Amino acid sequence: MVMTERFDPATADIRWQRVWDERQSFRADDASARPRSYVLEMFPYPSGRIHIGHVRNYTMGDVLARYKRMKGFEVLHPMGWDAFGMPAENAAMEKGVHPGGWTRENIANMKAQLKRLGFALDWSREIATCDPEYYGHEQALFLDLYAAGLVYRKESAVNWDPVDMTVLANEQVIDGRGWRSGALVEKRKLSQWFLKITDFADELLEGLGGLDDWPEKVRLMQENWIGKSQGLRFRFRIENASAGLPDGFPDSFEVFTTRPDTLFGASFAAIAAEHPLALALAEKDAAAAAFIEECRKGGTTAAEIETAEKHGYDTGLTVAHPLDPAIRLPVYIANFVLMDYGTGAVFACPAHDQRDLDFARKYGLPVRRVVADGDRTDAVFPGDEAYTGPGRLVNSGFLDGMDVEAAKAAVIARAEREQWGSGETQYRLRDWGVSRQRYWGTPIPFIHCGACGVVPVPREQLPVTLPEDVDFKTPGNPLLRHSTWKDVACPQCGGAAQRETDTLDTFVDSSWYFLRFASQPVDKPFDREEIARWLPVEQYIGGIEHAILHLLYARFWTRALKRIGRIDVAEPFASLFTQGMVTHETYSRADPANGQPVFFTPGEVERGADGATLKADGAPVEVGRVIKMSKSKKNVVDPDEIVATYGADAIRWFMLSDSPPERDLPWSESGIEGCGRFVQRLWRLFAQYDAAVAGDDRPLDRKRDQIVVAVAEDIEALSFNKAVARIYELASAIEKAPPSASRSQAIRTVLLLVAPMMPHLAEEAWATIGEGLVADAAWPAVDAALLVEDEVTVAVQVKGKLRDTLTVAKGTAREELEALALASDKVQRALDGAEVRKVIVVPDRLVNLVA
RNA sequence: GCGGACGUGGCGGAAUGGUAGACGCAGCGGACUUAAAAUCCGCUUGGGCAUCCCAGUGCGGGUUCGAGUCCCGCCGUCCGCACCA
């Protein structure tokens with residue numbers, strides 16, 4: 001076969017994609033004896049079109065999966081669809097289509113787009129969470145968790161989104177607004193299904209410690225989300241309850257503190273404005289009522305509250321210090337105390353808490369040092385900066401001399417002994433409400449019977465499938481008014497009963513899909529032994545936006561399934577990688593009518609060296625910052641168009657080049673053009689392969705082997721930008737080298753190195769150079785002896801400044817290096833007659849002469 | 001305000017405490033061509049007529065024979081946030 005002058009992706013891409021399909025090249029073999037590798041990217045929501053962020057995400061995973069195959073692993077690299085969710089219902093309402101039809105059409109389109117990119121995916125394991133074959137098993141697992149006591153119902157105030165007509169998790173409410181609709185959230189009381197994630201708070205927190213290959217940032221975010229704090233809960237007795245409290249109101253209140261060690265530094269107590277005690281006082285005290293009303297104003301975000309000035313209202317009440325009843329502390333209502341956390345009341349130690357100090361200085365309250373700051377031990381605490389560091393306790397009676405941790409334990413022990421308080425662990429994490437008042441989700445498999453109460457759907461009746469004949473002309477959940485689906489006989493008593501019409505949060509669907517990918521029996525969710533063979537996922541790749549919710553829920557489900565004995569792994573994802581976004585500058589003009597910016601797509605704009613003009617009228621547009629691609633800002637490019645113009649390999653190569661994968665990748669037209677040119681450049685290089693040429697080129701052999709090793713390391717570290725740079729380097733070196741057997745070997749090697757990244761080009765060239773498919777080829781072997789350089793360049797410095805370099809044999813003796821350095825003209829000139837007082841020699845690296 | 005990350009050419013970025021700017025993009029010059037595209041060769045941190053030198057990794061200090069890298073203090077940008085006691 002003679003190689004054509006140009007590589008034609010339009011024909012080659014599709015040809016090889018068909019070959020891979022027909023041969024099922026990327027089908028994972030459950031029975032394989034090879035070592036296994038499970039590479040997974042977060043599966044997409046089928047919104048309709050693949051966007052450039054997907055391309056980046058899946059290209060990274062694909063390079064790793066293909067590389068692992070070349071290294072001899074049996075690779076599981078599956079793909080599926082997170083197919084339930086609100087956009088389908090929104091489309092149903094807006095366009096009058098069925099959510100299922102809309103979703104399945106989107107899946108078909110996006111699957112074709114993914115295939116067009118040549119990803120090495122095992123499509124035989126494709127999952128759509130909206131298929132009864134999937135969600136029926138989810139219902140069974142939900143019943144298992146129910147049987148294990150990890151699912152319960154409770155009447156509770158929920159976040160009601162009046163636009164989407166659904167309940168939102170606390171985590172899904174952003175600034176009091178629905179995270180999708182942006183509507184102001186109202187409080188409503190409904191009977192809801194909950195998962196007991198709080199039972200796992202400690203486990204989930206502890207487990208983070210073993211996730212060494214997760215980004216520190218994500219672990220920290222989860223840690224803060226779980227929000228464990230240990231401290232002391234104790235009761236303050238009110239000394240002068242008669243001074244304003246209603247008759248019969250408790251004459252004490254509880255506080256929680258994480259700093260019981262600083263108790264002797266207490267100078268006042270503070271309660272939240274919504275605290276029952278504050279509300280009780282407000283009944284008789286108009287000034288207190290006014291203060292509470294004032295506290296309700298202002299924003300609720302942390303930034304707003306933090307910068308707001310501290311305000312307090314002296315209630316006139318005093319409480320007794322638990323360790324020394326002679327000490328009386330005033331009680332304030334304060335705007336910086338939160339009702340939601342702990343007990344809604346605190347004791348304040350101004351010397352060692354910044355907020356308390358700000359407050360104390362403002363209201364002239366005592367500030368007593370109880371933790372030594374180095375040598376500073378006197379009780380009088382100066383300045384406006386609280387000391388929160390470690391140290392010995394001072395001015396604290398029986399605690400004096402202890403360190404902070406010992407003092408905490410001592411106070412808790414005494415409180416428990418004297419029965420005025422107890423050590424307590426607090427979590428911020430709350431149970432996970434999974435009920436959604438929506439049609440397009442997994443039906444919750446329960447039946448409500450007037451006589452029997454809430455009854456699980458019998459196993460043999462699963463799956464509870466969604467009815468197809470629904471309409472969305474009326475707002476609200478169509479399941480509620482679908483009587484033939486909703487009205488059923490009670491499984492227990494046979495009487496008239498109703499199905500649960502709520503469906504599950506879609507985060508449930510994505511909390512176990514990685515298990516179903518690994519094992520897909522018909523009669524059960526998964527097979528325990530097969531899970532044990534594939535899990536945990538070796539490398540999980542996705543966006544940082546899932547750092548908390550999805551990843552925490554998936555960890556919870558995995559642990560819950562382990563606890564009830566269904567699987568043996570505790571953590572689903574051994575290594576996590578969060579990739580950066582694809583960004584582009586924006587183009588806009590102010591709308592003359594209202595001054596709002598009107599955005600234009602990159603295709604509508606002609607970009608010049610210092611500005612941009614609109615193609616339509618030739619007049620300038622404003623060039624905005626480089627930000628994440630989004631439809632609303634129109635700074636998007638369509639992957640399909642790029643593939644049509646440059647081919648799949650060029651866009652894949654662009655996704656891997658230049659920017660480190662965890663950082664944002666700025667899209668550029670010239671960048672993708674450069675990638676397209678490089679594809680052709682490699683094609684021309686591959687055409688120069690000639691097995692008949694003889695002769696060695698040792699330096700080229702060495703370069704080749706060094707780069708093979710380096711590229712492997714880079715891919716394993718997901719440092720694709722570095723791997724790409726090294727491949728450029730090798731390609732350039734080969735182009736400059738004269739013909740030889742070594743050169744032909746190096747060309748063959750470059751082909752194998754780029755095979756995971758540009759698989760179509762590689763297959764096309766391999767068809768003339770190699771045997772079989774490059775998809776089945778092995779990673780190139782290297783000669784270990786060649787990896788070691790026999791000649792090195794040594795830097796020569798005078799007083800730490802580079803003056804010359806020496807090219808010497810590796811391992812040249814120190815004395816010889818020193819002599820060679822001193823013999824250099826440049827060195828002598830720099831020394832300018834000065835006496836060398838000291839010589840530092842790092843063999844094979846440098847000589848530093850200190851004059 | 002708190003927590004985290006980051007700060008290197010025109011741009012994206014390389015650099016186990018040891019030759020700063022690999023590699024790519026853009027730009028400039030040249031070759032080829034009737035011409036253009038494509039391709040190939042060369043240059044490309046700033047300054048000084050420079051095969052030579054000076055300065056240079058946000059700013060100011062420090063440690064070290066030697067600092068982009070380590071330490072301290074600032075400044076700036078981005079991300080997250082729940083005053084979590």
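A, B, ... follow the sequence lines: proteins, then strands. Residue 1 opens every chain. On a predicted model such as this, the values are computed, not experimentally measured, just so you know.
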**Asked** When the distance from NZ of A:K799 to P of B:U64 is rounded to whole Å, what number comes out?
**Response** 18 Å
**Request:** For A:E585, check side-chain hydrogen bond (donor to acceptor under 3.5 Å, both in side chains) against everything at least two apart and list the hits.
**Result:** A:Y587, A:R607
**Item:** Rounded C1' spacing from B:G66 to B:G12 in Å
**Value:** 30 Å
**A:D353 with A:R259: basic N within carboxylate O range, under 4.0 Å** = no
**Request:** Give a yes/no on whether any side-chain N or O of A:K801 is located under 4.0 angstrom from OP1 or OP2 of B:G66.
**Result:** no
**Request:** Figure out the CG/C1' separation between A:D353 and B:A85, and round it to whole Å.
**Result:** 6 Å
**Request:** Please state how far atom CD in A:E669 lies from atom C1' in B:C11, giving the value in whole angstrom units.
**Result:** 16 Å
**Item:** Pairwise side-chain contact, A:M758 with A:F678, heavy-atom cut-off 4.5 Å (strictly under)
**Value:** yes
**Item:** Interatomic distance at P, B:G73 relative to B:C81, whole Å
**Value:** 27 Å
**Distance between P atoms of B:G21 and B:C52 (Å, rounded)** = 16 Å
**Request:** Mind calculating the distance between CZ (A:R219) and P (B:C79) to the nearest angstrom?
**Result:** 24 Å
**Asked** Under the rule syn = chi within 90° of 0, otherwise anti, which is B:G9?
**Response** syn
**Request:** Under the side-chain contact (heavy atoms from CB on, under 4.5 Å) rule, collect the residues that match up with A:T258, sequence neighbours excluded.
**Result:** A:S229, A:F256
**Message:** Rounding to an integer number of Å, can you tell me how far A:L682 CG sits from B:G24 P?
**Reply:** 12 Å
**Item:** side-chain hydrogen bond (donor to acceptor under 3.5 Å, both in side chains) partners of A:Y332, counting only residues at least two apart
**Value:** none
**Request:** Provide the distance between the two C1' atoms, one in B:C59 and one in B:G68, to the nearest whole Å.
**Result:** 15 Å
**Asked** Which heavy-atom pair separates A:I715 from A:A723 by the least distance, and what is that distance?
**Response** CG1-CB, 4.3 Å
**Fill in**
So salt bridge (charged side-chain N to carboxylate O under 4.0 Å, His left out) across residues 649-667 of chain A, not counting sequence neighbours, yields A:D62-A:R652
**Message:** Just to be sure I understand: a Watson-Crick pair is purine N1 to pyrimidine N3 plus N6-O4 or O6-N4, both under 3.5 Å. Using that and G-U wobbles, which stems of three or more pairs involve RNA chain B?
**Reply:** B:1-7 with B:75-81, B:10-12 with B:23-25, B:27-31 with B:39-43, B:45-48 with B:52-55, B:58-62 with B:70-74
**Message:** Measuring only the C1' atom in each nucleotide, how far is B:U8 from B:A20? A whole number of Å is fine.
**Reply:** 8 Å
**Item:** Residue list, side-chain hydrogen bond (donor to acceptor under 3.5 Å, both in side chains) with A:R702, at least two apart or on another chain
**Value:** none
**Asked** Does OP1 or OP2 of B:C25 have a side-chain N or O of A:S670 closer than 4.0 Å?
**Response** no
**Message:** What is the distance, to the nearest angstrom, from the CD1 atom on A:I672 to the P atom on B:A26?
**Reply:** 12 Å
**Request:** Have a look at A:K217 and say if it touches a base, only the backbone sugar-phosphate, or nothing, with a 4.0 Å heavy-atom cut-off.
**Result:** nothing
**Request:** Output all residues satisfying side-chain contact (heavy atoms from CB on, under 4.5 Å) with A:T578, sequence neighbours left out; order by chain, then residue number.
**Result:** A:P215, A:V218, A:I544, A:L576
List, with names and distances, any nitrogen or oxygen atoms from the protein found under 3.5 Å away from nitrogen or oxygen atoms belonging to nucleotides 37-43 of chain B.
{"unit_1": "B:U39", "atom_1": "O3'", "unit_2": "A:R684", "atom_2": "NH2", "d": "3.4"}

**Asked** Going 5' to 3' along nucleotides 14-23 of chain B, which nucleotides have protein heavy atoms under 4.0 Å from the base (write B), which only from the sugar-phosphate (write S), and which from neither (write -)?
**Response** SSB-BB--BS
**Request:** Rounded to the nearest angstrom, tell me the gap between atom CG in A:D358 and atom P in B:C83.
**Result:** 15 Å
**Asked** Expressed as a whole number of Å, how far does the P atom of B:A37 sit from that of B:C28?
**Response** 12 Å
**Item:** Distance between P atoms of B:G60 and B:C65 (Å, rounded)
**Value:** 23 Å
**Prompt:** Do the charged groups of A:E713 and A:K722 touch, with an N to O distance under 4.0 Å?
**Reply:** no
**Message:** For A:V850 and A:S668, find the nucleotide of RNA chain B closest to each by heavy atoms; which residue's nucleotide sits nearer the 5' end?
**Reply:** A:S668
**Message:** Please classify the nucleic acid contact of A:F256 as base, sugar-phosphate, or nothing, using heavy-atom distances under 4.0 Å.
**Reply:** base
**Complete:** The side-chain contact (heavy atoms from CB on, under 4.5 Å) partners of A:R361 (sequence neighbours excluded) come to A:L357, A:V367, A:F381, A:D384
**Message:** Once side-chain contact (heavy atoms from CB on, under 4.5 Å) is applied, do any residues pair with A:I412, and if so which ones, sequence neighbours excluded?
**Reply:** A:L232, A:P260, A:E416
**Message:** Measure CG/A:D664 against P/B:U77 and give the value in whole Å, please.
**Reply:** 18 Å
**Euclidean distance for P, B:G47 against B:G9 (whole angstrom)** = 15 Å
**Asked** Counting side-chain heavy atoms from CB outward, which of B:C65, B:A85, B:C52 is closest to A:V346?
**Response** B:A85
Show me the donor-acceptor pairs, under 3.5 Å and distance only, between side chains in residues 799-816 of chain A and residues at least two apart or in other chains.
{"unit_1": "A:D804", "atom_1": "OD2", "unit_2": "A:S824", "atom_2": "OG", "d": "2.7"}
{"unit_1": "A:T812", "atom_1": "OG1", "unit_2": "A:A809", "atom_2": "O", "d": "2.5"}
{"unit_1": "A:R814", "atom_1": "NH2", "unit_2": "A:V841", "atom_2": "O", "d": "2.8"}

